[in-house]
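One structure is given here, and the rest of the page talks about it.
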Amino acid sequence: MPLLTGAEPFRHEGGQTAVLLCHGFTGSPQSMRPWAEHLAERGLTVSLPLLPGHGTRWQDLGVTGWQDWYAEVDRELRLLRDRSARVFVAGLSMGGALALRLAALHGDAVSGVMVVNPANRVHGVAAHALPVLRHLVPATKGIASDIAKPVTRELGYDRVPLHAAHSLRNFFRLVDSELPQVTQPLLLMRSPQDHVVPPADSARILSRVSSTDVSEILLEQSYHVATLDYDAELIFRESTAFIGRLAPGAVREPGLGKEGTTAGG
């Protein structure tokens with residue numbers, strides 16, 4: 001199936017400090033593209049892959065699972081690590097869970113973690129029915145585009161395939177058990193008004209990780225897809241400062257220093 005316009009992956013070859021960005025469940029790189037471009041403009045190497053089953057049609061997501069999504073970001077991390085001095089990982093929603101697992105399993109290969117409205121579990125009564133319900137109902141209503149900012153839209157599916165949702169539920173359980181292995185500096189940014197992921201998920205993550213360098217930022221004006229919402233600039237600013245603090249000299253002002261190249265979209 002052809003990619004939806006705007007769902008293309010993004011890559012930028014910059015300096016020796018790299019950032020791997022992970023988009024959310026049923027979404028696409030479009031939701032993270034402004035963040036990726038902001039980091040790229042400041043001299044960082046950036047990778048924003050398209051997760052398997054995403055960016056085409058919801059039926060394609062239904063035949064994938066968490067192993068496929070994680071394998072994609074794990075591969076990207078290894079490629080970045082081979083050619084970079086430092087690698088930071090970041091993610092939105094499910095992408096936050098992917099980033100946390102990368103940190104848990106790769107240890108010192110990850111220099112820091114930045115997550116926005118990270119998801120930790122599938123909520124509601126329906127979640128407990130998923131093992132059976134997924135064999136009876138192919139999909140349910142979508143979760144994309146929870147954004148306070150008028151007109152702005154997230155490029156995501158209008159349906160959630162239940163086979164994939166069941167796999168996501170299993171993935172969250174796995175990541176939750178691995179959170180104590182996360183020791184890297186952590187920047188967690190969350191929206192008090194989030195209609196997809198409740199505050200309990202961020203609280204659970206903060207209580208489970210072993211990181212001692214932890215910052216929590218509230219995104220007061222945004223809903224779930226805060227990377228496209230009113231607080232997007234706050235996310236960009238805080239993440240740039242986070243990287244600059246942990247990797248002195250890595251962040252440059254736009255237009256200064258080495259020029260990189262972009263690919264995708």
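When all heavy atoms of A250 and R86 are compared, the pair lying nearest together is CB-NH2, 4.1 Å. Considering all non-hydrogen atoms of both residues, S111 and L246 come closest at O-CD1, 4.2 Å. Between V196 and H224, the shortest heavy-atom contact is CB-CG, 3.7 Å. Across all their heavy atoms, E76 and S47 have their closest contact at OE1-OG, 2.7 Å. Nearest heavy atoms, A97 versus A119: CB-O, 3.7 Å. Smallest separation of non-hydrogen atoms from N117 and S191: OD1-N, 2.7 Å.
Within the model, atoms OG of S145 and NZ of K149 stand 12.5 Å from one another, a figure rounded to the nearest 0.5 Å. Atoms CG and OG1, on L4 and T56 in that order, are 6.5 Å from each other to the nearest 0.5 Å. Note that the CZ atom of R101 and the CG atom of L77 stand 12.5 Å from one another [nearest 0.5 Å]. Atom SG in C22 sits 7.0 Å away from atom CE in M32 (nearest 0.5 Å). With rounding to the nearest 0.5 Å, the separation of CD in Q193 from CG in L218 is 11.5 Å. Within the model, atoms CE of M114 and CG of L188 stand 12.0 Å from one another, a figure rounded to the nearest 0.5 Å.
Between the D68 side chain and the G65 main chain, a donor and an acceptor come within less than 3.5 Å of each other. Judged purely by atom type and a 3.5 angstrom limit, Y157 uses its side chain to pair as donor or acceptor with the backbone of G55. Of the possible polar contacts, none joining the E13 side chain to the T45 backbone as a donor-acceptor pair under 3.5 Å is found. Between the side chain of R81 and the backbone N or O of S84, at least one donor-acceptor pair lies under 3.5 Å. Judged purely by atom type and a 3.5 angstrom limit, S211 uses its side chain to pair as donor or acceptor with the backbone of Q184. Of the possible donor and acceptor atoms, one in the side chain of R42 sits under 3.5 Å from a partner among the backbone N and O of H38. In this structure a side-chain-to-backbone donor-acceptor pair under 3.5 Å is present from T227 to S31. A donor-acceptor pair under 3.5 Å links the side-chain atoms of H54 to the main chain of P52, judged by distance alone. Judged by distance alone, with hydrogens and angles left aside, the side-chain atoms of E178 form no donor-acceptor pair with the main-chain N or O of A104 at under 3.5 Å. In this structure, the side chain of S239 engages the main chain of F236 through a donor-acceptor pair within 3.5 Å.
A continuous path of hydrophobic side-chain contacts links L234 to L21 [ILVMFWY only; heavy atoms under 4.5 Å]. No continuous path of ILVMFWY side-chain contacts below 4.5 Å connects Y230 to L219, so the two sit in separate hydrophobic clusters. In the hydrophobic clustering of this structure, L50 does not group with F10; members are Ile, Leu, Val, Met, Phe, Trp, Tyr whose side-chain heavy atoms approach within less than 4.5 Å, directly or through other members. No continuous path of ILVMFWY side-chain contacts below 4.5 Å connects L79 to L44, so the two sit in separate hydrophobic clusters. No single ILVMFWY cluster, assembled from side-chain heavy atoms under 4.5 Å apart, contains both Y223 and I147.
With a 4.5 Å cut-off on side-chain heavy atoms, V87 and V110 do not count as touching. Residues H166 and L162 form no side-chain contact, since every pair of their non-hydrogen atoms from C-beta on lies 4.5 Å or further apart. Side chains of D158 and W58 form a contact here, defined as non-hydrogen atoms less than 4.5 Å apart. Side-chain contact check for V225 versus T152: every heavy-atom pair is 4.5 Å or farther apart. Side-chain atoms of D213 and R245, non-hydrogen and from C-beta on, do get closer than 4.5 Å to each other. Here the side chains of D194 and P199 are not in contact, with every heavy-atom distance at 4.5 Å or above. In this structure, E220 and P192 have side chains that are in contact, with non-hydrogen atoms separated by less than 4.5 Å. The shortest distance between side-chain heavy atoms of R78 and R75 does not fall below 4.5 Å.
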Audit row: S167, Q67, side-chain contact (heavy atoms from CB on, under 4.5 Å) steps and yes/no:
CA-CA 9 Å; S167 182; Q67 295 90 342; 4.2 Å; yes
For the pair W35 and V116, evaluate side-chain contact (heavy atoms from CB on, under 4.5 Å) and give the outcome as yes or no after the intermediate values.
CA-CA 11 Å; W35 192 3; V116 176; 3.9 Å; yes
Step by step, work out the side-chain contact (heavy atoms from CB on, under 4.5 Å) result for I217 and L187.
CA-CA 8 Å; I217 305 294; L187 173 62; 3.8 Å; yes
Hey, mind stepping through D74 and H106 against side-chain hydrogen bond (donor to acceptor under 3.5 Å, both in side chains) and telling me if it holds?
CA-CA 9 Å; D74 184 82; H106 286 272; 2.6 Å; yes
Does L61 form a side-chain contact (heavy atoms from CB on, under 4.5 Å) with T64? I'd like the steps, not just the answer.
CA-CA 5 Å; L61 181 58; T64 66; 3.4 Å; yes
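Checking L98, L168, L51 one by one against F25, the side-chain contact (heavy atoms from CB on, under 4.5 Å) holds for a single residue, L168. With respect to N120, the side-chain contact (heavy atoms from CB on, under 4.5 Å) criterion is satisfied by exactly one of V197, L179, L100: L179.
Salt-bridge check for D176 with R121: failed, with every basic side-chain N at 4.0 Å or more from each acidic carboxylate O. Ion pairing of R204 with D201 is absent here, as no side-chain N (NZ or NE/NH1/NH2) approaches a carboxylate O to less than 4.0 Å.
Applying the salt bridge (Lys or Arg N to Asp or Glu O under 4.0 Å) criterion to R237, with sequence neighbours excluded, gives no partner residue.
Y70 and F171 have tilted rings, their planes meeting at an angle from 30° to 60° on a 0 to 90° scale.
Annotation for D108: atom CG does not count as buried by contact number, only 12 or fewer foreign heavy atoms lying within 6.0 Å. The neighbour count for R83 CZ, taken as heavy atoms of other residues, nucleotides or ligands under 6.0 Å away, is above 12.
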